[in-house]
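Residue numbering restarts at 1 for every chain, and letters A, B, ... go by the order of the sequence lines. Since the structure is predicted, the reported quantities are computational estimates derived from the model, not experimental observations.
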Amino acid sequence: MITVLLFAQLQEEARTATLTINEDVLTVNQLKNQLINAYQLYQVNECMIAINEEYALDIDEIKPGDTVAVIPPVSGG
Amino acid sequence: MITVLLFAQLQEEARTATLTINEDVLTVNQLKNQLINAYQLYQVNECMIAINEEYALDIDEIKPGDTVAVIPPVSGG
Amino acid sequence: MGQELFQIVESPIETETVINKVKGREMGAITTFIGTVREYTNGKRTIYLAYQAYTSMAEKMLAQIGGEIQEKWPGTHVAITHRVGALEISDIAVVIAVSSPHRKAAYQANEYAIERIKQIVPIWKKEHWDDGEAWLGDQLEQKAYPNGKPEIEGGGL
Amino acid sequence: MGQELFQIVESPIETETVINKVKGREMGAITTFIGTVREYTNGKRTIYLAYQAYTSMAEKMLAQIGGEIQEKWPGTHVAITHRVGALEISDIAVVIAVSSPHRKAAYQANEYAIERIKQIVPIWKKEHWDDGEAWLGDQLEQKAYPNGKPEIEGGGL
């Protein structure tokens with residue numbers, strides 16, 4: 001089971017700041033596909049994924065207990 | 001009669017902030033020569049002259065009533 | 001230091017507080033950047049802004065930017081505070097303070113910091129107008145990340 | 001404005017006061033430069049500095065720099081305060097605040113201001129060390145004015 005943090009417009013679209021994915025291990029790319037297919041979060045394609053507060057690559061593996069965040073293009077400053 | 005304002009090391013060398021030159025009209029260049037010859041202020045060669053708070057050229061004329069200042073290389077900031 | 005150099009806060013930012021974090025006897029120059037909420041952007045009037053952050057990661061990324069700066073401009077000190085929540089026109093969203101023995105580095109490092117904030121720090125801005133609202137994409141005028149990811153490593157100047 | 005944008009003062013400078021002079025609803029960025037007294041310069045320890053100014057002309061020249069900036073970077077606002085008298089280590093000698101709708105101009109205009117101050121504003125600095133004192137020539141590493149005069153007109157960037 002993996003917990004996914006959502007922010008900004010994704011949080012509003014999903015109507016939640018947190019999603020739960022019922023997988024033990026999956027890659028960043030697999031997670032993105034699940035978010036699109038199961039939750040229609042198409043903006044995920046424009047987003048970065050962070051695992052434990054570090055930006056991750058599509059091929060990186062997400063393990064149980066990791067904190068995963070979907071990071072839309074940032075607009076701070 | 002022309003009043004000349006001195007600053008920084010020139011003020012210390014001349015031991016005064018103000019000099020009086022007994023001329024009615026003279027050019028900036030003539031003033032510089034007087035300051036060197038009569039007061040041994042050799043640093044004047046490295047200085048700008050301001051007439052009424054505007055930087056002046058060597059050929060500019062100083063008239064009675066003008067405020068003349070000798071401006072060593074500045075070091076503010 | 002006893003002070004947090006890289007902070008996300010919810011209350012108003014005092015510029016002086018951020019500046020004080022980088023002062024030092026060996027410093028001759030301090031530059032600050034103060035980002036404020038502008039009323040008009042591209043002719044559209046903003047009523048207020050809402051900033052959201054992934055706070056823990058944002059502070060980590062701010063600290064990473066600080067590390068990049070100390071590597072590129074040795075001898076500089078950096079402090080950055082970014083505010084989140086609802087901000088009104090003229091409110092301060094971010095303050096970056098950089099101190100340095102010499103001024104050139106203080107300017108360059110400061111500008112580098114704001115550029116990097118707009119690249120890698122997980123903070124988002126929602127504009128509220130008279131007639132609607134929208135989360136902004138990044139301000140580098142990109143729709144998505146150029147290479148599929150932000151420039152995590154901090155390239156050259 | 002009711003406020004002097006270009007000032008020579010004898011008392012300590014409050015950064016916030018200078019910043020407040022350039023704030024505005026149309027501004028998205030404010031940069032400040034704070035010049036402080038550094039303890040060591042070229043390995044030599046400064047005890048304190050004494051700044052002297054030709055005050056009336058110095059304020060006029062600061063205002064001229066402000067005019068040059070508004071011409072080069074339309075839409076920016078500038079305020080500059082320079083202190084004179086005896087200053088100790090870490091004391092603030094000068095604060096330059098520039099506001100602008102966009103950040104790039106705020107950085108460029110601010111750096112332009114300090115460079116111009118070091119060229120044309122009649123202010124002089126006397127360093128006091130353990131073992132002596134000296135009035136400094138200009139900090140642009142020139143012994144005298146390069147063309148026999150300062151660049152009065154404000155050349156290109």
Side-chain angles (χ1 to χ4, degrees), chain A residues 2-21 26-37 39-63 65-77, chain C residues 8 33-37 41 49-65 80 82-84 92-96 111 113-127 133-153:
Chain A
I2 288 160
T3 304
V4 179
L5 308 179
L6 301 177
F7 297 96
Q9 58 269 65
L10 282 169
Q11 190 178 98
E12 290 183 359
E13 276 170 34
R15 290 167 197 269
T16 177
T18 316
L19 287 177
T20 302
I21 306 275
L26 77 177
T27 66
V28 165
N29 200 43
Q30 287 167 336
L31 173 71
K32 283 184 175 180
N33 288 333
Q34 284 222 15
L35 292 171
I36 292 168
N37 296 330
Y39 299 91
Q40 287 78 50
L41 297 176
Y42 300 105
Q43 208 214 343
V44 163
N45 278 325
E46 297 170 11
C47 294
M48 282 297 292
I49 301 294
I51 305 175
N52 301 326
E53 303 177 0
E54 300 272 3
Y55 286 110
L57 303 174
D58 273 356
I59 53 167
D60 285 341
E61 269 196 358
I62 302 165
K63 294 171 206 71
D66 284 347
T67 303
V68 177
V70 185
I71 313 279
V74 304
S75 54
Chain C
I8 305 294
F33 175 83
I34 304 167
T36 54
V37 177
T41 297
L49 290 183
Y51 280 96
Q52 190 184 70
Y54 179 14
T55 302
S56 56
M57 181 171 169
E59 289 182 340
K60 230 170 123 171
M61 290 296 116
L62 291 177
Q64 177 183 316
I65 293 169
I80 307 173
H82 201 301
R83 185 176 170 193
V84 293
I92 297 176
V94 62
V95 173
I96 302 165
E111 193 166 6
I114 185 67
E115 298 298 334
R116 289 295 279 158
I117 287 171
K118 289 173 184 294
Q119 288 170 355
I120 66 167
V121 180
I123 299 176
W124 302 274
K125 178 161 76 175
K126 189 178 192 175
E127 295 229 25
E133 57 183 44
W135 288 98
L136 290 218
D138 71 83
Q139 298 166 356
L140 301 173
E141 309 293 315
Q142 299 155 180
K143 285 278 176 223
Y145 294 109
N147 309 313
K149 61 186 177 87
E151 300 261 330
I152 298 163
E153 297 303 336

Query raised in the report: Using non-hydrogen atoms only, which part of A:I49 is less than 4.5 Å away from chain C: side chain, backbone, both, or neither?
Result: neither
Query raised in the report: Looking at CD of A:Q9 and NZ of C:K126, how far apart are the two atoms once the value is rounded to the nearest 0.5 Å?
Result: 9.0 Å
**Report entry** Nearest heavy-atom neighbours spanning A:V74 and C:I117
**Finding:** CG2-O, 4.0 Å
Report summary line: Scanning both residues in full, the closest heavy-atom pair of A:G76 with C:K118 reads O-NZ, 3.3 Å
Query raised in the report: Do you know which two heavy atoms are closest between A:I71 and C:W124, and how far apart they sit?
Result: CG2-CZ2, 3.6 Å
Report summary line: The side-chain contact (heavy atoms from CB on, under 4.5 Å) partners of A:D60 (sequence neighbours excluded) come to A:V28, A:I51, A:A56, A:L57
**Report entry** Side chain / backbone / both / neither for A:Q43 at chain C, heavy atoms under 4.5 Å
**Finding:** neither
**Report entry** Proximity breakdown for A:D58 and chain C, heavy-atom pairs closer than 4.5 Å
**Finding:** neither
Query - Donor-acceptor contact below 3.5 Å, side chain C:Y51 vs main chain A:G77 - result: yes
Query - Max heavy-atom pair count under 4.5 Å with chain A, selected residue of C:V121, C:I80, C:V94, C:I114 - result: C:V121
Report summary line: When every non-hydrogen atom of A:E53 is compared with those of C:S56, the smallest separation belongs to OE2-OG, 2.5 Å
Query raised in the report: A:Y55 and C:I120: which non-hydrogen atoms are nearest, and at how many Å?
Result: OH-O, 2.6 Å
Query raised in the report: How would you list, by chain and number, every residue that makes a ring-ring contact (aromatic ring centres under 6.0 Å, His included) with A:Y39, sequence neighbours excluded?
Result: none
Query raised in the report: What residue, out of A:E12, A:Q11, A:E54, has the most heavy-atom pairs lying under 4.5 Å from chain C?
Result: A:E12
Report summary line: Honestly, the part of C:A53 sitting under 4.5 Å from a heavy atom of chain A is backbone
